[in-house]
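A short write-up of the structure that comes next.
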Amino acid sequence: MRVCVTGASGKAGRATVAHLLAYGHQVVATDVEPAPADLGVPLLRADLTAYGQAVEVLHGTEAVVHLANIPAPGLRTPALTLSANTTMNSNVFLGAAQLGLTRVVWASSETTLGLPFDTPPRYAPVDEAHFPVPTTTYALSKVVSESLAEHIAAWSGIPFVGLRLSNIFLPEDYRRVPSFWADPHSRKWNLWGYIDVRDVAEACRLGLEAPVAGARNVIIAAADTIMDRPSVELLAEVFPEVRLSREVGEFETLLAIDGARDLLGFAPQYSWRDHVTGADRA
């Protein structure tokens with residue numbers, strides 16, 4: 001397909017552009033920021049908070065992987081984060097409907113599920129039903145956008161796939177992982193979850209290609225936690241009041257990825273364990 005990738009200069013965007021190209025897709029890359037030197041395709045600079053620019057970058061494409069947003073709370077003021085993200089998302093969604101695209105894949109967030117877990121989750125593993133629990137305007141922008149996607153998908157007949165992405169790690173980020181282990185509270189905010197950027201790119205490709213109808217939203221996380229201790233032990237120490245809804249494997253993620261597996265065939269391939277050596281663990 002000819003696919004528009006928004007937010008192409010970001011870490012998820014760069015990986016997704018490369019991954020789609022490797023699978024034979026044509027990519028139209030866009031971002032408000034300059035292109036990295038190794039993007040692999042020309043970059044069209046555009047501000048997606050302007051509807052006209054959003055329509056222009058989508059014109060002539062068949063599908064969009066929409067990753068452009070203010071990527072986390074605390075980077076901009078709360079009101080701007082909410083307004084900018086929801087405006088970008090609504091512009092891309094409505095533009096896709098106006099132009100008759102065949103698929104919208106977009107970056108929602110694990111934060112829609114109640115992160116950071118200053119208030120403990122109701123149960124674990126946290127799954128798609130643990131929604132909506134926005135605690136910041138960033139999370140609220142994603143909750144609002146999931147509602148927008150649901151209705152625009154119904155009006156247009158275009159399948160929408162929202163990826164509730166966990167905390168994205170580049171391979172070079174894994175050198176920091178052992179520093180998390182001494183204090184299990186340091187990463188409790190997302191139940192010790194993470195996702196490799198290469199698995200994000202794969203999830204985006206699967207979102208484009210999987211048979212999907214309507215608007216669906218799934219958690220995208222690694223198969224394991226970021227910690228070197230068993231998941232049940234971590235939960236018992238940090239969130240003793242939280243019940244397990246099912247058995248979990250020794251180091252299994254507590255952000256359930258069953259929905260992504262069933263909908264998209266998503267099976268994360270990458271782990272910090274492939275990168276952290278015995279010397280790093282010492």
Side-chain angles (χ1 to χ4, degrees), residues 71-75 78 81-82 107-147 162-169 173-174 176-196 199-200 203 216-263 266-268 270-273 276 281:
L75 300 178
T81 300
L82 176 61
S108 186
S109 170
E110 63 181 359
T111 61
T112 62
L113 306 171
L115 282 67
F117 287 118
D118 297 327
T119 298
R122 300 190 301 275
Y123 56 85
V126 166
D127 58 14
E128 282 75 15
H130 203 278
F131 171 93
V133 194
T135 60
T136 64
T137 61
Y138 170 77
L140 183 58
S141 76
K142 301 296 189 176
V143 169
V144 169
S145 297
E146 289 195 15
S147 182
L163 304 176
R164 293 174 179 165
L165 298 173
S166 190
N167 184 205
I168 299 174
F169 275 66
D173 294 332
Y174 292 127
R176 298 188 289 117
V177 168
S179 69
F180 304 146
W181 297 340
D183 179 13
H185 291 264
S186 69
R187 299 281 303 185
K188 72 174 187 178
W189 56 273
N190 74 340
L191 294 183
W192 309 282
Y194 74 104
I195 182 68
D196 189 286
D199 282 324
V200 172
R216 301 289 300 276
N217 306 292
V218 291
I219 297 167
I220 301 296
D224 56 354
T225 74
I226 205 75
M227 304 294 280
D228 67 341
R229 294 170 55 190
S231 302
V232 172
E233 181 181 308
L234 288 167
L235 194 70
E237 177 177 340
V238 178
F239 293 114
E241 69 276 39
V242 174
R243 66 178 178 87
L244 277 171
S245 60
R246 59 170 172 80
E247 290 187 8
V248 297
E250 185 177 14
F251 300 110
E252 183 180 344
T253 178
L254 294 171
L255 299 171
I257 54 176
D258 310 72
R261 181 195 61 228
D262 295 343
L263 182 69
F266 174 70
Y270 298 96
S271 168
W272 64 264
R273 289 175 169 81
V276 177
R281 294 167 184 257

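Because the structure is predicted, anything quoted here is derived from the model rather than measured.
Rounding to the nearest 0.5 angstrom, the gap separating the NZ atom in K142 from the OG1 atom in T137 is 11.5 Å. The CD atom of E146 sits 4.0 Å away from the CZ atom of R164 when rounded to the nearest 0.5 Å. Here the CD1-OG distance, from I219 to S166, works out to 9.0 Å after rounding to the nearest 0.5 Å. T225 contributes atom OG1, which lies 11.0 Å from atom CG of L235 (distance to the nearest 0.5 angstrom). Taken to the nearest 0.5 Å, the OH atom of Y194 stands 14.5 Å off from the CG atom of L165. Interatomic distance, OG of S109 versus CG of L140, reported as 12.0 Å (0.5 Å rounding).
A distance-only check finds a donor-acceptor pair linking the side chain of Y138 to the backbone of P71 [under 3.5 Å]. For H130 (side chain) and R122 (main-chain N/O), a donor-acceptor pair under 3.5 Å exists by modelled atom type. Judged by distance alone, the side chain of T135 and the main-chain N or O of L115 form a donor-acceptor pair under 3.5 Å. Counting only distance, with no hydrogens or angles, the side chain of W192 and the backbone of P184 share a donor-acceptor pair below 3.5 Å. A donor-acceptor pair under 3.5 Å is absent between the side-chain atoms of T136 and the main chain of P73, judged by distance alone.
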Would you sort out whether T81 and L75 count as a side-chain contact (heavy atoms from CB on, under 4.5 Å), showing the intermediate values? CA-CA 8 Å; T81 300; L75 300 178; over 6 Å; no

Might you work through the side-chain contact (heavy atoms from CB on, under 4.5 Å) test for F131 and N217, ending with a clear yes or no? CA-CA 11 Å; F131 171 93; N217 306 292; 6.0 Å; no

Criterion side-chain hydrogen bond (donor to acceptor under 3.5 Å, both in side chains) on S271 and D224, from CA distance to verdict: CA-CA 7 Å; S271 168; D224 56 354; 2.7 Å; yes

Assess the residue pair D118 and W189 against the criterion (side-chain contact (heavy atoms from CB on, under 4.5 Å)); give the C-alpha distance rounded to whole Å, side-chain angles, the decisive distance to 0.1 Å, and a yes or no. CA-CA 7 Å; D118 297 327; W189 56 273; over 6 Å; no

Could you check I195 against E110 for side-chain contact (heavy atoms from CB on, under 4.5 Å), going step by step and ending with a plain yes or no? CA-CA 11 Å; I195 182 68; E110 63 181 359; over 6 Å; no

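A search for salt bridge (Lys or Arg N to Asp or Glu O under 4.0 Å) contacts involving D127 returns nothing, not counting sequence neighbours.
Using a 4.0 Å cut-off between a side-chain N of Lys or Arg and a carboxylate O of Asp or Glu, E128 and R216 do not qualify as a salt bridge.
Looking at L191 and F239, their side chains come closer than 4.5 Å, going by heavy atoms from C-beta outward. Contact annotation: the side chain of W181 never approaches that of I226 to less than 4.5 Å [non-hydrogen atoms, C-beta and beyond]. In this structure, D199 and I220 have side chains that are not in contact, with every pair of non-hydrogen atoms separated by 4.5 Å or more. R187 has its side chain within reach of N167: a pair of non-hydrogen atoms, C-beta onward, lies under 4.5 Å apart. Considering only heavy atoms from C-beta on, S145 stays 4.5 Å or farther from S108 through its side chain. Contact of the V248 side chain with the V232 side chain is registered, since non-hydrogen atoms from C-beta on lie closer than 4.5 Å. Contact annotation: the side chain of L82 approaches that of S141 to within less than 4.5 Å [non-hydrogen atoms, C-beta and beyond]. Between F251 and R273 the shortest side-chain heavy-atom distance falls below 4.5 Å.
P125 and S245 make their closest contact through CD-OG, 3.7 Å (heavy atoms, listed as atom of the first residue, atom of the second, distance). Between A221 and T253, the shortest heavy-atom distance links the atoms CB-OG1, 4.3 Å. Of all the heavy atoms in P240 and E237, the pair that sits closest is CD-O, 3.9 Å. When all heavy atoms of A222 and I257 are compared, the pair lying nearest together is O-CD1, 4.2 Å. What you find for V242 and P120 is that their closest heavy atoms are CG2-CB, 3.8 Å.
Across Y270, F169, W272, F180, a single residue satisfies ring-ring contact (aromatic ring centres under 6.0 Å, His included) together with Y174, and that is F169.
Judged as a salt bridge (Lys or Arg N to Asp or Glu O under 4.0 Å), the pairs with a partner in residues 253-263 (not counting sequence neighbours) are, in order, R246-D258, D258-R261.
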